[in-house]
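Scroll down for the structure; my scribbles are underneath it.
The first residue of the sequence shown is numbered 1, and numbering continues consecutively from there. Note that the coordinates shown come from a computational prediction; the quantities given were computed from them, not determined experimentally.
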Amino acid sequence: MINEEVIRESLREVIEQKSGKDVVALGIVSSIIIKGRDVGFALEISNDTQANEELRRNCEQAVKAIPGVGKVTVVATSRKQAGQQRAKSCIEGVKNTIVVASGKGGVGKSTVALNLALSLAKLKHKVALVDADIYGPSIPKMLDAEKSKLKIQDGKAMPVEKYGLHTISIGYFIDKDRAAIWRGPMITKALYNLLMGTRWSNIEYLIIDTPPGTGDVHLSLMENFNLTGAIIVSTPQELALVDARKIYDMFTKLNVSIIGIVENMSYFIQDNSKIYIFGKNGAKKMSEELGVKLLGKVPLDPQICHASDCGNPLMLSKDLAGAYEDIAKDVRSFAYSL
Ligand code: ADP
């Protein structure tokens, strides 16, 4: 069977001359797409053209050699040389930092971020959730943690623990209406304080719920912190997808790996049939067009809305929880592959 694991396994045979390491260990293989027998993926490389072309061809040949594989497409994407990048902070006590973003508000970004975090925790990982939606923090409400009292120890905030997650939100510090009027430098400072002023300990996945669009929070995150990757959330509606493409552009221009796209509110089930309220397969088509993985589809379901409103995210049916769990497994494979 052709799957990502098999492909990665074959690519472990391809060694980059300069470093002596294989391309998987180097973390330069991403966006693996399998369509029937055909395989495509991106190879992040610097600009040493002849050596890179050889590396690209070796990757192509290694995957072609897998029994059953048809056409192989390897797209070379550019990577800055290590020395060209400005120094970025690592967040103490955190292994993987994952950003959840969307082009538009109201597409379910916070809901995906929260359920992804919970699913990773269910998979026995230590997970933190940062509500960086500085203008409209919603995580405290979704966790029924609005009244939580923050503890400060040795000058650092202790994360609020809820449903096994270690969470921090601007909403724990101030009234959310005050946050809505913040601008540029204040936002950057607040974000920095949230991430660096909290005592994290042995966190494997830190999930950051960002505000919608491409603004100060994203730029500040990308310029100042080492990010493992980003997840884009969109509904299948064309209007939402136009904005999701802008998010894709922002991440690719600033060299943040895109883990994949989540199609939220994909369909509504009525009388055992699917109704495509926001159009059919929009995000799926976009993922194919951009060569980015479709991490999963989450249906429009009143249970999801209700769970947020009553602050109990664990009340979802097995099927819905399973949809989020599949996304979490893909995110974990991505992190493992680095
Ligand atoms: P965003 O972070 O993109 O602004 P939210 O996660 O806050 O979006 O979701 C917006 C609203 O839609 C919330 O009321 C939420 O409960 C609801 N919602 C999100 N995803 C779904 C879904 N798949 N089915 C039903 N309601 C959803």
Side-chain angles (χ1 to χ4, degrees), residues 26-31 42 44 46 77-103 109-110 112-114 116-117 120 125-134 139 159 165-169 187-198 200 202-234 244 246-262 290 292-293 295 327-328 330-338:
L26 282 172
I28 58 174
V29 175
S30 63
S31 313
E44 282 177 45
S46 51
T77 59
S78 74
R79 182 179 56 154
K80 274 188 183 173
Q81 304 275 23
Q84 289 176 328
Q85 289 187 350
R86 71 184 250 192
K88 293 182 184 179
S89 304
C90 288
I91 305 169
E92 204 186 317
V94 172
K95 194 163 171 202
N96 295 294
T97 305
I98 290 161
V99 169
V100 180
S102 71
K109 170 187 46 59
S110 299
V112 168
L114 169 60
L116 165 66
L120 283 165
H125 299 289
K126 194 167 173 194
V127 185
L129 179 63
V130 174
D131 184 2
D133 195 343
I134 308 258
I139 298 291
L165 300 179
H166 300 249
T167 72
I168 199 78
S169 166
I187 300 269
T188 306
K189 193 153 181 241
L191 181 70
Y192 191 85
N193 287 344
L194 270 188
L195 290 168
M196 302 300 269
T198 304
W200 307 112
N202 298 323
I203 300 291
E204 282 178 88
Y205 296 95
L206 181 124
I207 311 294
I208 306 182
D209 179 22
T210 57
T214 51
D216 294 328
V217 168
H218 302 88
L219 287 177
S220 172
L221 273 173
M222 292 184 292
E223 282 171 358
N224 297 312
F225 297 97
N226 270 318
L227 303 175
T228 308
I231 294 169
I232 301 173
V233 180
S234 182
K246 290 185 194 155
I247 288 276
Y248 168 88
D249 275 351
M250 173 186 72
F251 284 134
T252 37
K253 278 190 189 124
L254 286 153
N255 293 306
V256 176
S257 307
I258 296 175
I259 304 174
I261 298 175
V262 174
L290 301 177
V292 174
K293 185 166 182 149
L295 295 169
I327 296 169
D330 275 346
V331 170
R332 182 171 65 173
S333 317
F334 179 89
Y336 281 172
S337 73
L338 298 178

Look up atom [atom1] in [X] and atom [atom2] in [Y], then write down how far apart they are to the nearest 0.5 Å.
{"X": "Ile232", "Y": "Tyr248", "atom1": "CD1", "atom2": "OH", "answer": "8.0 Å"}
{"X": "Met196", "Y": "Cys90", "atom1": "CE", "atom2": "SG", "answer": "8.5 Å"}
{"X": "Ile247", "Y": "His218", "atom1": "CD1", "atom2": "NE2", "answer": "4.5 Å"}
{"X": "Leu116", "Y": "Asp330", "atom1": "CG", "atom2": "CG", "answer": "10.5 Å"}
{"X": "Thr198", "Y": "Ile168", "atom1": "OG1", "atom2": "CD1", "answer": "4.0 Å"}
{"X": "Ile327", "Y": "Ile261", "atom1": "CD1", "atom2": "CD1", "answer": "12.0 Å"}

Between [X] and [Y], which heavy-atom pair has the shortest distance, and what is it?
{"X": "Ser220", "Y": "Phe225", "result": "O-CD1, 4.2 Å"}
{"X": "Leu120", "Y": "Ala328", "result": "CD2-O, 3.7 Å"}
{"X": "Thr97", "Y": "Val94", "result": "OG1-CG1, 3.6 Å"}
{"X": "Val100", "Y": "Thr210", "result": "O-OG1, 2.7 Å"}
{"X": "Leu165", "Y": "Ala117", "result": "CD2-O, 3.6 Å"}
{"X": "Val217", "Y": "Pro211", "result": "CG1-CD, 3.6 Å"}

Legend entry - Derivation and outcome, side-chain contact (heavy atoms from CB on, under 4.5 Å), residues Ile259 and Ile98: CA-CA 9 Å; Ile259 304 174; Ile98 290 161; 4.0 Å; yes
Legend entry - Trp200 side-chain N/O to Leu195 backbone N/O, donor-acceptor pair under 3.5 Å: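 Confirmed, Trp200 side chain pairs with Leu195 backbone.
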Inset, instruction - Give a yes or no answer on whether the side chain of Lys88 reaches the backbone of Met222 with a donor-acceptor pair at less than 3.5 Å. - result: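 Such a contact is found between Lys88 side chain and Met222 backbone.
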Legend entry - Pro212 side chain reached by Asp133 side chain, heavy atoms, under 4.5 Å: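 Asp133 reaches Pro212 side chain to side chain.
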Legend entry - Set of residues satisfying side chain to side chain donor-acceptor pair (under 3.5 Å) with respect to Ser169, sequence neighbours excluded: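 For Ser169 the side chain to side chain donor-acceptor pair (under 3.5 Å) partners, ignoring immediate neighbours, are Asp131.
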Ignoring hydrogens and angles, write down the donor-acceptor pairs under 3.5 Å from the side chains of residues 202-209, residues two or more places apart or on other chains.
from	atom 1	to	atom 2	distance (Å)
Glu204	OE1	His125	ND1	3.0
Glu204	OE2	His125	ND1	3.3
Glu204	OE2	Lys126	N	3.2
Asp209	OD1	Lys109	NZ	3.0
Asp209	OD2	Ser110	OG	2.6

Inset, instruction - Decide side-chain contact (heavy atoms from CB on, under 4.5 Å) for Asp216 and Leu191; before the verdict, give the C-alpha distance in whole Å, the side-chain angles of both, and the deciding distance to 0.1 Å. - result: CA-CA 10 Å; Asp216 294 328; Leu191 181 70; over 6 Å; no
Inset, instruction - From the options Val262, Ile258, Val99, select the one residue that forms a side chain to side chain contact (heavy atoms under 4.5 Å, CB included) with Ile231. - result: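 Exactly one candidate clears the test, Val262.
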